[in-house]
Amino acid sequence: MLDKVGIAKRIAQELEDGFYVNLGIGIPTLVANYVPKDISIEFQSENGILGMGPFPIEGTEDADLINAGKQTITALDGAVYFDSATSFAMIRGRHVQLTVLGAMEVSEDGDIANWKIPGKMVKGMGGAMDLVASAENIIVAMMHTNKEGESKILKKCTLPLTGLGCVKKIVTNLAVMEVMSVGGLKLLERAPGVTVQEIQAATEASLLVNGEIPEMQLVS
Amino acid sequence: MLDKVGIAKRIAQELEDGFYVNLGIGIPTLVANYVPKDISIEFQSENGILGMGPFPIEGTEDADLINAGKQTITALDGAVYFDSATSFAMIRGRHVQLTVLGAMEVSEDGDIANWKIPGKMVKGMGGAMDLVASAENIIVAMMHTNKEGESKILKKCTLPLTGLGCVKKIVTNLAVMEVMSVGGLKLLERAPGVTVQEIQAATEASLLVNGEIPEMQLVS
Amino acid sequence: MIDKVVPNVHIALSGIKDGMTLMLGGFGLCGIPENSIAELVKMKTTRLTCISNNAGVDDFGLGLLLKGKQVKKMISSYVGENEEFERQMLSGELEVDLIPQGSLAERCRAAGSGIPGFYTPAGYGTEVAEGKEVKFFKEKAYVLETALEADFAIVKAWKGDAAGNLIYKATAKNFNPVMAMAGKITVAEVEELLPVGVLDPNQIHTPGIFVQRIFQGKTFEKRIEQRTVR
Amino acid sequence: MIDKVVPNVHIALSGIKDGMTLMLGGFGLCGIPENSIAELVKMKTTRLTCISNNAGVDDFGLGLLLKGKQVKKMISSYVGENEEFERQMLSGELEVDLIPQGSLAERCRAAGSGIPGFYTPAGYGTEVAEGKEVKFFKEKAYVLETALEADFAIVKAWKGDAAGNLIYKATAKNFNPVMAMAGKITVAEVEELLPVGVLDPNQIHTPGIFVQRIFQGKTFEKRIEQRTVR
């Protein structure tokens, strides 16, 4: 079974040379720490920066330079700042190749719910609805089950949707799954030490298990 | 009767302090030479400059600095360059207060035709359709009649339209007329030495003549 | 040159009345018009509709207007970090309209650009699209979103000149340029107000035509919401 | 940093094939991608659809492609200054689609922004609106215009860096930034190609994400169409 860092490491394997990538808050943010050394990636933050660098060295924080999580950041050489309309032109116009987001629920049709729990304080969708409706490639990073042990990978989402039929791949603490174009999920990989039966037990959605399912290969 | 310079001088009286103004090619361009000294105006050219200055001094022409008529120009202090989408955001968004355009025909409903003569080579509408559809205040600068002496101020335009019901005022070599909100034109001023009868004879459109019509006051 | 300079924030905001709709630039606490917000608190203007990506924190940014119960309605994409906001929203005192961030930005730009409506994929199939026209282009569904106008747009820039030309710094740009286009009256507060002719006309982010009033801000605290270091 | 530099115009334009749709930046002869146009002449690619505000003059700019009968269709707002153009158009060899200039610019931006359609007042009540959907907003009529895509967008900038970031000069900016957003593949030719890190990230007009290939142009004649002096 993976921890959050393990999920991030596995998602980092999905990065390809030349990708512009938008990382959501939470587990997705950790992906930036595990970019393979031999490829070039640029991170876009929807508040208006391309070429986002690491957090600043203490004492050099700049209130005018933050990421979408409102954290102080730095800019790499070649970075560029832009306004919010241009930022979402990049996202909606599919210039960003990969979006990694967290989710509360994902359905077997690739629906995603990650912004609202009825009865609880709603903070808003931020840029999530634009991101999921637009990106060609959306990977969800999430825990497979909730605190009560119930599956978050469902036949149908029960929470209000963020987007319809948009998730392409799901990476959880237990497995890597693909959303098939005909609907339904296909099990691609098992987390280290996790059996297919354990994954099936934790998954409410239809899950196609075809042949031998390999264990994830994670470099430390 | 006015010449082209006279028409330009009369239109210059319509300028108000703080106006951003777009001048079309031909007579409208001349208006820039007669801006009253006591007001501040800025000229927008739709190819991407605000704060357009006079033509350059010989030897200082810059191929990268032109107006919408493709003429070399200069930029005043406070000028700014922008792309074509932003330029038409200014125009469509009604940030430009006054547009002065030439026309082949204008109707009593404020329709304007100035881009196409069937059977002749069509060069295109350029920015004219955006300008007429968007501007709050459009003044047409034109000769009252064509070379055959026929009225260009008509009940209905005969040529393909550039815009529907958009002209607010017409300044010709003979008269100043207003397009009334109920339709029909109202005669506001006579050119020096021109009688109301001469104007009526040269105008096919319905022309309201109410009381004494003053002669234009042009400072030289 | 058309001079847009006003001597202070008081005159810059004159004309703002109870019940008006204001746009306020910024993302989180980054690039917000601090001086204008402080003046709005003093003015005690009420029943405001505020269009802003976020709602500030309890004791800074738009949180200050919420504290004084000056806001009737917030139009935002994310309103997380604010307890008073939560209290007023849950008690029904405060109306909240949540809009996807990209749609919010584009709706501001549309208003400033004379485009009354446009189609976006964002929100299709969700409650955000309820009651909105849906149209298919190349077999994909899009939602019609409309221009979002404001009586006043209040933005914050880094440098500006008397003609109203503005330059923003780093990610403090965010919503400021699109909101600057959308206000019936746009007010800009700047860190540095320069004479006309100093700014390079190639480097201006917001052309002065969009700005009606500009003033030199007195103080910029520029509070950091999430100070993170290596 | 994602490196976009290609060594020359030949490699920059590889993949352009007969029958493709190209966008070409520029207004008149100002800010046109001269080096790329010269290469297209050499490539002898035919049946091109060219989206460009103007069509050049007889012996420069897009006029060179027209002369070689490489263009099947022009999509432009104004095509005045070109005798060969007139001849081909009147003889029916050349299709011409004339679009209001503001709609042309916005349709390019829309394509690059993932907005499949928007409403504009331009052309309502004229032949430009024939067959197009009309919708009323606040009792005013608007026409639906759609995104305009291209296989390749070819733009010309003043300065650029290896990441594809671009800065334009003066009114040579014009259609270049919106077309740069709209190409499936966007090629930028620049007067000055600089190492990454030299350009101020606050002053970039076209973020490198929109550009797939960038090269240093060999020669820039920058011909003046209407030399006017005081």
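All values below come from the heavy atoms of this structure, side chains included, with hydrogens, waters and symmetry mates left out. Just so we're on the same page: letters track the sequence lines, and every chain starts at 1. Since the structure is predicted, the reported quantities are computational estimates derived from the model, not experimental observations.
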Just wondering, more than 12 heavy atoms not from [X] lying within 6.0 Å of its [atom1]?
X: A:Lys186; atom1: NZ; result: no
X: A:Lys4; atom1: NZ; result: no
X: D:Lys42; atom1: NZ; result: no
X: D:Lys135; atom1: NZ; result: yes

Measure the shortest side-chain to side-chain distance between D:Ile115 and A:Arg92 over non-hydrogen atoms and say whether it is less than 4.5 angstrom.
->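 With C-beta onward as the side chain, the pair touches.
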Residue pair D:Met1 / A:Ser40, side-chain heavy-atom distance below 4.5 Å |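 Sidechains of A:Ser40 and D:Met1: no contact.
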Under 3.5 Å, side chain of A:His95 to main-chain N/O of D:Val211, donor-acceptor pair present?
->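 Between the backbone of D:Val211 and the side chain of A:His95 there is no qualifying donor-acceptor contact (under 3.5 Å).
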Is there a donor-acceptor pair closer than 3.5 Å between any side-chain N or O of D:Asn165 and the backbone N or O of A:Gly78?
->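 Between the backbone of A:Gly78 and the side chain of D:Asn165 there is a qualifying donor-acceptor contact (under 3.5 Å).
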From A:Tyr20 OH over to D:Ile2 CD1, what is the distance, rounded to the nearest 0.5 angstrom?
-> 4.0 Å
Could you state the interatomic distance from CZ (D:Phe210) to OG1 (A:Thr86), rounded to the nearest 0.5 Å?
->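 Going from CZ on D:Phe210 over to OG1 on A:Thr86, the span is 6.5 Å.
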Mind ranking D:Val196, D:Asp200, D:Ile209, D:Asp161 by heavy-atom pairs under 4.5 Å with chain A and telling me who comes out on top?
-> D:Ile209
Between D:Asn202, D:Val198, D:Asp3, the one whose heavy-atom pairs under 4.5 Å with chain A are most numerous =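 Ranked by heavy-atom pairs under 4.5 Å with chain A, first place is D:Asn202.
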Atom group of [X] that falls short of 4.5 Å from chain D, counting heavy atoms:
X: A:Ile41; answer: backbone
X: A:Leu50; answer: side chain
X: A:Tyr81; answer: both

So which heavy atom on D:Ile204 is nearest to which on A:Ala79, and how close?
->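 That would be CD1-O, 3.8 Å.
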